[in-house]
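These values consider heavy atoms only, across backbone and side chains, with no hydrogens, waters or symmetry-generated copies. We number each residue from 1, following the sequence as shown. All ligand and atom numbering here is 1-based and tracks the order in the structure.
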Amino acid sequence: MGAVLSLKNVDKKIGKAQIIQDVSFDVYPGEIFGFLGPNGAGKTTTIRMIVGLTKMTAGDITVNGHSIATDYKRAIEQIGTIVENPELYPYLTAEKNLIHFGRMSKNVTKKDINDRLKLVNLDYAKDQKVKTFSLGMKQRLGIAQAMLHRPKLLILDEPTNGLDPAGIREIRTFLRKVAKEENVAILISSHLLSEIEHICDRFAIIQEGNITQIESVSNESDLKQGVHSYYIETDNPTRAQKLIETTFPNLTITQQEQFIQLMLTKEEAGNIVTLLTSNDVVVYQVVLEKQSLEERFFEATSGGLV
Ligand SMILES: Nc1ncnc2c1ncn2[C@@H]1O[C@H](COP(=O)(O)OP(=O)(O)OP(=O)(O)O)[C@@H](O)[C@H]1O
Ligand SMILES: [Mg+2]
């Protein structure tokens, strides 16, 4: 399946300042993609370029194949967004706000409005004026509004800013639901790793206008292909080390008490267990050292973010 959102070598200069440099990434249907970076990294600027609020200096951005630069109308139709704060009318009720915004797009029915209110758990407050809403309720209504026309791509700039943990969890739950059930691609920016870790499937890190890495939150796919640190506990670590060194001379082994530690692929780990047990070394346990996202992240950024 093709990407819903695609950024290719996007640059943004304001005056002489290079705000965004060579940013490229793709977001796919049904995926929640995080855009993680500290204050001033360029998250909002990138989002503003995606939704056409500011022009890029170079590169291209397409939404379902339609370029924001040359085919803006077709591209923007597919997007639902809140950049910074949702625009809501405080003296109208939640439902009346959605009716009002629904009139701005084609084919928004009363049912769409009710479905969206239910999705964001505001069904119970639909007749309440927005000025009485908590921040979390306003944020949820803003997301309902952004999704009224059933966009293929939802873009939210720091959607959980200022919310309490319960509010954050609520947003997380329904974003997952729409991504999965409606196959919507969702781009969310945040300066909090913990948030990205809990909401997103993949994320890009942006620092000073540059993407420094793109990766999956779960490292299951890495585990299938990559090399990881294993600890193997045996009844005879010295003999285990000798056996492995003779059979696999390229591996580096360190001994730590009853454990030997080495970097292996999954297949190699299996071969090593077979080697040891068939040579009468008793294997008590094989421990895969899983690095948490936070550890990987700090390694990659030298702790530049929290
Ligand atoms: N109109 C502008 N003129 C000059 N510089 C700008 C302008 N808009 C943004 N910048 C600069 O671009 C950089 C990126 O800003 P941006 O708002 O995109 O960051 P951000 O990642 O969204 O930060 P935050 O987490 O604080 O929202 C900052 O250094 C900012 O000062
Ligand atoms: Mg911002």
N or O pair under 3.5 Å between His191 and ligand 1: no

Angle class for the Phe35/Phe25 ring planes (parallel below 30°, perpendicular above 60°, tilted otherwise)? tilted

Determine, considering heavy atoms only, which of Asn161, Ile14, Thr46 sits nearest to atom 1 (N) of ligand 1. Ile14

Identified side chain to side chain donor-acceptor pair (under 3.5 Å) partner of Lys12 from the options Thr57, Thr54, Thr45: Thr54

Look at the N, O or S atoms of Thr44, main chain and side chain alike, and state whether any lies under 2.8 Å from the Mg ion (ligand 2). yes

Contact partition for Asn39 relative to ligand 1, non-hydrogen atoms under 4.0 Å: both

Of Thr44, Asp157, Asn161, which meets side chain to side chain donor-acceptor pair (under 3.5 Å) against Ser189? Asp157

Below 3.5 Å, N or O to N or O, backbone or side chain included: is there any such pair between Gly42 and ligand 1? yes

Before accepting this row, confirm whether a basic side-chain N of the pair Arg150/Asp115 lies closer than 4.0 Å to the acidic partner's carboxylate O. yes

Consider only side-chain N and O atoms of Glu233 and Gln258, and report whether a donor and an acceptor are under 3.5 Å apart. no

Measuring from the heavy atoms of Glu158, does anything fall under 4.0 Å of ligand 1? yes

Gln255 atom CD, over 12 foreign heavy atoms within 6.0 Å: yes

Side chains of Thr274 and Asn271 only: does a donor on one sit below 3.5 Å from an acceptor on the other? no

Residue part near ligand 1, for Thr44, under 4.0 Å between non-hydrogen atoms: both

Contact region, Pro38 to ligand 1, non-hydrogen atoms below 4.0 Å, reads backbone

Regarding ligand 1, does Gly40 bring an N or O atom to under 3.5 Å of one of the ligand's N or O atoms? yes

